[in-house]
Amino acid sequence: MSKILYFGLSCKAYLRMFGSQSPNVRVCCEDCGRLLHKHGHYWREVATKIEVIAIPIYRRYCPACRKTISLLPEFLVPWGRYTTWVREAAMTRKHKGFSWRRTAESTTASIVRYSRRTLKRWWARHLLRAASAALWVAGRLAATDFGGNPLRSYPVMMNPTPVDTLDWLNKLLSRYIPAGAWRRGYWPLLNSRLPAESCL
């Protein structure tokens, strides 16, 4: 099981800060509420735009539930090799109409290039999860009374397509994520807050 935490760091900054010591964060068990204990780490290779970097992933353990949780930095998702920034850039370009080949070539260097098959898998997952992520963001905006009813901003009310829902998610994100966060992308901030099944 994994938990995504926002550290606000790049891969190299994360490695500098936590290469030899665990982040000093308090994490409680989602089942029993008990404080989790430090439980070692493992190394994971992460593909950025230009290189592959090995970083430590720290774990926590609940003695009551006997569950182990991996603490992922915000630029990763469970079982994902490529950083959130690479995947978000790829999905943004694909949404703008780039071809599969052009999308892959414009988001990574040739040494870490992903295949078209991988890109198509990302796109299918992104379209699938956009609806639950959009509803979660709309709920947060509605709870804070931020600019009226976010459900009314849905672009198409009759027979919407997954791309219509993706357009709505992008519109909601521009209102939900703090100004300036777009420089590094919306997904790192969003995935550290979303329920695990809705992570983009």
Side-chain angles (χ1 to χ4, degrees), residues 1-11 30 46-49 72-108 114-200:
M1 192 171 167
S2 302
K3 184 172 183 64
I4 299 174
L5 299 176
Y6 184 71
F7 295 112
L9 301 172
S10 66
C11 292
E30 293 181 0
V46 178
T48 68
K49 184 176 180 178
L72 296 180
E74 75 282 357
F75 52 82
L76 290 178
V77 293
W79 304 289
R81 179 175 181 235
Y82 286 86
T83 63
T84 303
W85 305 302
V86 169
R87 291 185 308 105
E88 184 175 3
M91 296 303 93
T92 300
R93 284 170 174 79
K94 191 64 201 136
H95 190 208
K96 288 179 179 177
F98 283 41
S99 68
W100 299 111
R101 196 181 108 223
R102 188 172 168 215
T103 299
E105 289 175 353
S106 66
T107 51
T108 56
Y114 47 82
S115 67
R116 284 185 222 171
R117 186 174 173 186
T118 297
L119 181 57
K120 289 178 181 179
R121 189 178 71 246
W122 289 351
W123 181 245
R125 173 186 162 149
H126 186 48
L127 290 177
L128 184 68
R129 294 193 170 189
S132 59
L135 287 172
W136 186 88
V137 173
R140 292 300 177 273
L141 289 171
T144 58
D145 196 30
F146 189 83
N149 185 351
L151 296 177
R152 291 180 190 248
S153 65
Y154 196 84
V156 180
M157 297 313 261
M158 298 293 291
N159 300 321
T161 66
V163 175
D164 293 328
T165 303
L166 186 56
D167 291 337
W168 184 48
L169 172 62
N170 290 334
K171 187 184 291 186
L172 293 173
L173 285 176
S174 66
R175 293 167 54 191
Y176 178 69
I177 301 293
W182 63 268
R183 289 186 189 98
R184 297 190 59 207
Y186 292 130
W187 291 13
L189 283 170
L190 189 62
N191 283 345
S192 63
R193 301 172 189 181
L194 278 171
E197 64 277 3
S198 300
C199 287
L200 296 167

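Just so you know, these numbers come straight off a predicted model, no measurement behind them. Sequence positions, counted from 1, serve as the residue numbers for this chain.
Partners of Arg101 by side chain to side chain contact (heavy atoms under 4.5 Å, CB included), not counting sequence neighbours, listed by chain and number: Ser99, Glu105, Arg116. His95 pairs by the ring-ring contact (aromatic ring centres under 6.0 Å, His included) definition with nothing, not counting sequence neighbours. The side chain to side chain contact (heavy atoms under 4.5 Å, CB included) search around Pro162 returns Leu127, not counting sequence neighbours. Residues passing the side chain to side chain donor-acceptor pair (under 3.5 Å) test with Thr48, sequence neighbours excluded: none. Under the side chain to side chain donor-acceptor pair (under 3.5 Å) criterion, Ser106 pairs with Arg93, sequence neighbours left out. Every residue meeting the side chain to side chain donor-acceptor pair (under 3.5 Å) condition with Thr107, not counting sequence neighbours, appears here in chain and number order: Tyr114.
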Might you work through the side-chain contact (heavy atoms from CB on, under 4.5 Å) test for Met91 and Leu119, ending with a clear yes or no? CA-CA 8 Å; Met91 296 303 93; Leu119 181 57; 3.5 Å; yes
Which is it for Trp100 and Lys120 under the side-chain contact (heavy atoms from CB on, under 4.5 Å) test, yes or no, and what are the steps along the way? CA-CA 8 Å; Trp100 299 111; Lys120 289 178 181 179; 3.6 Å; yes
Evaluate the side-chain contact (heavy atoms from CB on, under 4.5 Å) criterion for residues Leu135 and Trp168: first the C-alpha distance (whole Å), next the side-chain angles of each, then the deciding distance (0.1 Å), finally the verdict. CA-CA 10 Å; Leu135 287 172; Trp168 184 48; 4.0 Å; yes
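Remark: the backbone N or O of Thr161 is paired with a side-chain donor or acceptor of Asp164 at under 3.5 angstrom. Judged by distance alone, with hydrogens and angles left aside, the side-chain atoms of Glu74 form no donor-acceptor pair with the main-chain N or O of Ile4 at under 3.5 Å.
One distance of note links NZ of Lys94 with CZ of Arg102; it measures 10.5 Å at 0.5 Å rounding. Once rounded to the nearest 0.5 Å, the distance linking OG1 of Thr92 with CG of Leu166 reads 8.5 Å. Taken from CH2 in Trp136 to CG in Leu141, the straight-line distance is 9.5 Å, to the nearest 0.5 Å. Note: Leu76 CG to Thr83 OG1 = 7.5 Å, rounded to the nearest 0.5 Å.
Closest approach of Cys11 to Val46, counting heavy atoms only: SG-CG1, 4.0 Å. Scanning both residues, Lys49 and Val86, for their nearest heavy atoms gives N-CG2, 3.7 Å. When all heavy atoms of Leu172 and Ala134 are compared, the closest pair comes out as CD1-O, 3.4 Å.
Considering only heavy atoms from C-beta on, Lys3 comes within 4.5 Å of Glu30 through its side chain.
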